[in-house]
> 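I have a structure here, written as structure tokens, and I will follow up with some questions on it.
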Amino acid sequence: MTQKILVLSGDGIGKEIVAEALKVIEVLSSDFGLAVDLEYAEIGGAAYDVAGHPYPEATQKKAATADAILLGAVGGYEYEALPRELRPERGLLAIRADLDLFSNLRPAILNETLAGASSLRAEVVAGLDIMIVRELTGGIYFGQPRAIETNEKGERFAYNTMIYKESEIERIAHSAFKIAMQRDKRLCSVDKANVLEVSELWREVVIRVGADYPDVELTHMYVDNAAMQLVKAPKQFDVMVTGNLFGDILSDAAAMLTGSIGMLPSASLNAKGLGMYEPIHGSAPDIAGQNVANPLATIMSVSMMLRYSLDHVALADKIDRAVEKVLAQGYRTADIFEAGMKQVGTAEMGDAVVAALKA
Ligand code: NAD
């Protein structure tokens with residue numbers, strides 16, 4: 001069965017890094033039997049330029065029928081003066097909401113050869129491989145009521161609502177348990193159940209869902225301890241699942257354990273398994289068009305796409321091994337360069353991964 005990938009390169013370095021990811025998809029198609037049709041559309045500033053909106057109808061239509069979406073990045077200096085609802089980043093929020101991409105997968109992986117790039121000691125992080133599953137469409141970022149108001153004494157006060165329905169917790173828990181099943185079968189649910197009712201319900205529902213996955217070892221951790229453990233002994237974790245707010249903070253902290261923004265992929269999935277795959281970094285307008293951006297986060301986003309949406313786990317492993325190989329061979333883009341290594345540009349790094357795949 002031929003599967004359909006929608007390619008949204010976006011802005012800035014988006015086009016350069018996606019071009020390298022497409023080289024990888026091409027070689028998997030020509031040499032390893034991957035059957036995919038590629039469709040292309042615009043998002044972000046590029047979409048505003050041609051259609052006057054960062055998530056235009058033509059893109060929505062293509063997204064609705066795709067099996068998976070590959071996204072570069074959005075944003076650029078030239079769009080900063082636009083009204084908020086027309087800014088490139090709005091395109092990203094709109095496609096996430098449109099497709100109900102509630103499950104955000106943020107791996108923090110640190111290849112042994114790059115351990116020197118971390119702010120932590122190499123032995124604490126070398127070989128790190130954590131997957132943080134963050135609930136993306138609920139919780140305090142969306143809860144109602146929310147407002148800044150003034151009381152009868154004239155003092156201003158503000159409030160937000162942290163709210164989760166059982167069904168929202170159930171679906172993110174299923175998503176996390178399924179991912180744990182594909183990995184080391186250990187899931188740590190992060191909450192603040194000692195203080196928050198919303199966390200009490202979270203924990204209860206996660207435990208209930210866990211009965212469907214008897215092979216997965218489920219543990220629970222309070223978020224303050226989880227933050228501490230992530231910087232103290234991060235390799236203890238396999239998969240972590242948590243709500244929107246805690247996940248936002250913990251996934252950024254975990255990403256920075258690896259010290260290298262150009263190396264980290266991500267995925268956002270909906271209940272049907274449709275996923276949008278993208279590097280965690282932005283459009284890097286400061287280096288766009290110079291053939292210096294690191295394409296590996298985008299190439300590893302293709303690996304995640306094959307693993308989590310397209311059911312080609314063996315091909316995903318192949319990409320991961322090819323990336324490990326080029327790093328072991330000493331290829332480095334400027335962002336991860338160290339003395340004694342071979343500095344290469346965006347296109348040369350893509351070519352090196354293709355060569356490693358073919359070898
Ligand atoms: P950024 O991630 O684009 O860049 C931060 C720094 O990291 C820059 O110095 C950049 O050169 C470097 N960098 C990023 N990706 C790199 C790569 N692949 N290789 C080498 N170096 C890399 O973040 P920013 O500068 O805060 O934002 C720039 C634009 O991107 C803004 O318009 C912002 O809104 C947007 N943005 C988009 C996304 C997204 O599309 N998912 C995410 C974050 C920011």
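Both counts, for ligands and for their atoms, begin at 1 and track the order of listing.
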> For ligand 1, note which part of T333 has a heavy atom under 4.0 Å away: side chain, backbone, both or neither.
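Contact part for T333 vs ligand 1: neither.
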> Would you kindly specify which portion of V292 sits under 4.0 Å from ligand 1, judged on non-hydrogen atoms: side chain, backbone, both or neither?
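Within the 4.0 Å criterion, V292 makes no contact with ligand 1.
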> Where does E89 meet ligand 1, judged by heavy-atom distances below 4.0 Å: at the side chain, the backbone, both, or neither?
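Side chain only.
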> Using a strict cut-off of less than 4.0 Å between a Lys/Arg side-chain nitrogen and an Asp/Glu carboxylate oxygen, indicate whether K4 and E39 qualify as a salt bridge.
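Salt bridge present between K4 and E39.
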> By number and element, which atoms of ligand 1 are closer than 4.0 Å to a non-hydrogen atom of A73?
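Selected atoms, number and element: 40 (O).
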> Check whether any N or O atom of P285, backbone or side chain, sits under 3.5 Å from an N or O atom of ligand 1, and answer yes or no.
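Looking only at distances, the answer is no, because the N/O contact criterion of under 3.5 Å is not met.
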> Does the Lys NZ or Arg CZ of R171 fall within the cation-pi geometry relative to F102 - under 6.0 Å from the ring centre and within 45° of the axis?
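Satisfied, under 6.0 Å and within 45°.
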> Is the closest heavy-atom distance from A293 to ligand 1 below 4.0 Å?
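It does; at least one heavy atom falls under 4.0 Å.
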> Measuring from non-hydrogen atoms of L92 to any atom of ligand 1, is the shortest distance under 4.0 Å?
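In this structure, L92 qualifies as a contact of ligand 1 - some heavy atom is under 4.0 Å.
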> Taking side chain as C-beta onward, heavy atoms only, is F237 less than 4.5 Å from Q229?
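F237 reaches Q229 side chain to side chain.
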> Return the closest protein heavy atom for atom 2 (O) of ligand 1 as residue, atom name and distance.
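The closest heavy atom on the protein side is G282 N, 2.7 Å.
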> Is atom 6 (C) of ligand 1 close to the protein, meaning a heavy atom under 4.0 Å from it?
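Flag for atom 6 (C) of ligand 1 set to false, no protein heavy atom closer than 4.0 Å.
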> Of the protein's non-hydrogen atoms, which lies at the shortest distance from atom 9 (O) of ligand 1, and what is that distance?
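Result for atom 9 (O) of ligand 1: D286 OD2, 3.0 Å.
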> Answer side chain, backbone, both or neither: which part of A334 comes under 4.0 Å from ligand 1, heavy atoms only.
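The answer is neither.
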